[in-house]
Amino acid sequence: MDKSIAQTVPVLMYHHVTPKGGSLSCSVRNFEAQMKYLAKHEFTTLSAEQFAGFLQGQAIPRRSVLLTFDDGYLNNFVYAHPILKKYNQHALMFLITGLMQEGEPRPIMGSGDDLPECPGHHECKQRIIEGRADEVMLRWSEVKAMRESGTFEFHSHTHTHIRWDLHENKADKNQLIHDDLRQSQEQLAIHLDINSNHLCWPQGYFDPDYIQVAQELGFKHLYTTEAYGFNLPHGPAEHIYRIAARNKGGPWLLHRLWWARHLRWGQWYNEHKLKKKQRRLSKR
């Protein structure tokens, strides 16, 4: 084994899996290619419990990765769920609990039934604004079906997904995020009978106050949208790095995971990317 490849776990971040792909969306074809690659190369897709154990220093398979999905879109049930099941893969999903509704499960890919429309990210957001969230977001029945199948487990992405630091009442942001997180905990307990300590920050925003509020409510594992770092044994559970999955196939995933698992060259890669990002920001 190459000693420069230490035990580090890349965490991939997905939002949508749709027929065409696009903004924050992986196409069905490319997502299947990525999952097929993981299976072919004998990667283990970890559970939240396994990942938490790894951060505490427990042993895991050498080729391990964590798959995460944000928000809770219907297309995750229609397309991602059957693909994960086909390749025996497992993922975490962070739910915006205030957008989940009741109702019968809708058809999924491979069922032989007509599939529901699954639009792209911007159209999903527009329908939510128009009060039509049920057309694009998961129902609790679908969440339960995925959990029973073993493809997904579910955790908090707050109840509202609001950036309270940008809200008109931002002076009360700490109390507002407290109430938001508490509501999400209550909904997960009511519908799924779970008490998760894994939290994904809405829109990637967090600050020291938010971290303190979350930890006081029992959240321990806090997921960011920051990509350029390593998740290591005995590393900080309150700052988990995640790599945004691209709308590309298996070769892209092979390349990105190599950088994410190779500490020596991965450190150079992260520094290079951060410098490029800083240059772009300085030109604005």
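Ring-plane geometry between Y205 and Y210 is classed as perpendicular, the angle between the planes exceeding 60 degrees on a 0 to 90 degree scale with a lower cut at 30. In this structure, H81 and F77 have parallel ring planes: the angle between them is below the 30° cut-off, well short of the 60° mark.
A donor-acceptor pair under 3.5 Å links the side-chain atoms of E153 to the main chain of A48, judged by distance alone. Remark: the backbone N or O of V9 is paired with a side-chain donor or acceptor of N231 at under 3.5 angstrom. Distance alone, capped at 3.5 Å, is enough to place a donor-acceptor pair between the Q50 side chain and the S47 backbone. Between the T44 side chain and the L46 main chain, no donor and acceptor come within less than 3.5 Å of each other.
Q56 CD: more than 12 foreign heavy atoms inside a 6.0 Å radius. Within a 6.0 Å radius of CG in N88, other residues, nucleotides and ligands contribute 12 heavy atoms or fewer. More than 12 non-hydrogen atoms from other residues, nucleotides or ligands lie less than 6.0 angstrom from NZ of K125. Counting heavy-atom neighbours within 6.0 Å of D114 CG, excluding the residue itself, gives a total of 12 or less. More than 12 heavy-atom neighbours from other residues, nucleotides or ligands sit within 6.0 angstrom of CZ on R132. In E42, the CD atom is not crowded: 12 or fewer heavy atoms of neighbouring residues, nucleotides or ligands sit closer than 6.0 Å.
To the nearest 0.5 angstrom, Q278 atom CD is 13.0 Å from K283 atom NZ. The distance from the CG atom of D172 to the CD atom of E168 is 10.5 Å, given to the nearest 0.5 Å. Here the straight-line distance linking atom CZ of F219 with atom SG of C200 works out to 11.0 Å at 0.5 Å rounding. From I194, atom CD1 reaches atom CG of N197 across 10.5 Å, with rounding to the nearest 0.5 Å. Rounding to the nearest 0.5 angstrom, the gap separating the CH2 atom in W258 from the CG atom in L253 is 15.0 Å. Here H157 contributes atom NE2 and Q203 contributes atom CD; the two are 8.0 Å apart, rounded to the nearest 0.5 Å.
In this structure, the ring of W164 has its center less than 6.0 angstrom from the ring center of H167.
A salt bridge between R139 and E104 is absent, with no side-chain N of the basic residue lying under 4.0 Å from a carboxylate O of the acidic one. Salt-bridge check for E117 with R127: passed, with a basic side-chain N closer than 4.0 Å to an acidic carboxylate O. Looking at K220 and E238, no side-chain N of the basic residue comes within less than 4.0 Å of a carboxylate O on the acidic one, giving no salt bridge. With respect to the salt-bridge test (charged N to carboxylate O, under 4.0 angstrom), the residues R242 and D70 qualify.
No chain of hydrophobic side-chain contacts below 4.5 Å, direct or via other Ile, Leu, Val, Met, Phe, Trp or Tyr residues, connects V11 to L67. One hydrophobic cluster, built from ILVMFWY side chains closer than 4.5 Å, cannot hold both Y14 and Y223; they sit in different ones. Residues M146 and M35 are members of one and the same hydrophobic cluster, defined by side-chain heavy-atom contacts under 4.5 angstrom among Ile, Leu, Val, Met, Phe, Trp and Tyr. Side-chain heavy atoms closer than 4.5 Å link hydrophobic residues (I, L, V, M, F, W, Y) into clusters, and following such links, even through other members, never connects M13 to F230. Side-chain heavy atoms closer than 4.5 Å link hydrophobic residues (I, L, V, M, F, W, Y) into clusters, and following such links, even through other members, never connects L257 to F51.
Contact detail for L217 and R182: the closest heavy-atom pair is CD2-CD, 3.8 Å. Nearest approach of N247 to G21, heavy atoms of both residues: ND2-CA, 4.0 Å. Scanning both residues, H16 and N76, for their nearest heavy atoms gives CA-ND2, 4.1 Å. Considering every non-hydrogen atom in both P19 and S27, the closest pair reads O-CB, 3.9 Å. Contact between T158 and H161 at its shortest, heavy atoms only, is OG1-N, 2.9 Å. Nearest heavy-atom pair across H90 and G150 is ND1-O, 2.9 Å.
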- Item | Derivation and outcome, side chain to side chain contact (heavy atoms under 4.5 Å, CB included), residues H41 and R63 | CA-CA 9 Å; H41 293 272; R63 291 189 173 189; 3.6 Å; yes
- Task: May I have the step-by-step check of side chain to side chain contact (heavy atoms under 4.5 Å, CB included) for F54 and S64, ending in yes or no?
- Result: CA-CA 10 Å; F54 162 77; S64 291; over 6 Å; no
- Would S156 and L188 satisfy side chain to side chain contact (heavy atoms under 4.5 Å, CB included), going step by step from the backbone distance to the final call? CA-CA 8 Å; S156 177; L188 289 172; 4.1 Å; yes
- Item | side chain to side chain contact (heavy atoms under 4.5 Å, CB included) evaluation trace for H255 with W259 | CA-CA 7 Å; H255 179 262; W259 289 111; 3.0 Å; yes
- Message: Go through it in stages, so that I can follow the logic: the residues are H239 and E226, the test is side-chain hydrogen bond (donor to acceptor under 3.5 Å, both in side chains), and I'd like the CA-CA distance, side-chain angles, deciding distance and then a yes or no.
- Response: CA-CA 9 Å; H239 193 286; E226 297 174 6; 2.8 Å; yes
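Looking at heavy atoms from C-beta onward, M100 lies in side-chain contact with L138 at the 4.5 angstrom threshold. Side-chain contact between T68 and M93 is absent, with no heavy atoms from C-beta onward closer than 4.5 Å. Side-chain atoms of S141 and K144, non-hydrogen and from C-beta on, never get closer than 4.5 Å to each other. No side-chain heavy atom of L55 sits under 4.5 Å from any side-chain heavy atom of P233. Residues K277 and K273 fail the side-chain proximity criterion, which asks for heavy atoms closer than 4.5 Å. Residues M109 and V28 are in side-chain contact: their nearest non-hydrogen atoms beyond the backbone lie under 4.5 Å apart. No side-chain heavy atom of L95 sits under 4.5 Å from any side-chain heavy atom of H155. Taking the side chain as every heavy atom from C-beta outward, R261 and R62 approach each other to under 4.5 Å.
Test F154, F94, F152 against F69 for ring-ring contact (aromatic ring centres under 6.0 Å, His included) and you get one pass: F152. Partner of V213 under the side-chain contact (heavy atoms from CB on, under 4.5 Å) criterion, out of I177, D207, D179, L176: I177 alone.
Residues S184 and H159 bring no donor and acceptor atom of their side chains to less than 3.5 Å of each other. Between the side chains of T160 and D180, at least one donor N or O lies within less than 3.5 Å of an accepting N or O. A donor-acceptor pair shorter than 3.5 Å cannot be found between the side chains of Y73 and N75. Defined by atom type and a distance below 3.5 Å, a donor-acceptor pair is missing between the side-chain atoms of T151 and K85. One side chain, H191 or Q187, offers a donor N or O that lies under 3.5 Å from an acceptor on the other. Between the side chains of E123 and H121, no donor-acceptor pair is found at a separation under 3.5 Å. Counting only N and O atoms by type, the side chains of E32 and Y87 include a donor and acceptor under 3.5 Å apart. Looking at N30 and Q34, their side chains never bring a donor and an acceptor atom within 3.5 Å of each other.
For the side chain to side chain contact (heavy atoms under 4.5 Å, CB included) test, residues two or more places apart in sequence or in another chain that qualify with L99 are I96, I128, A133, M137.
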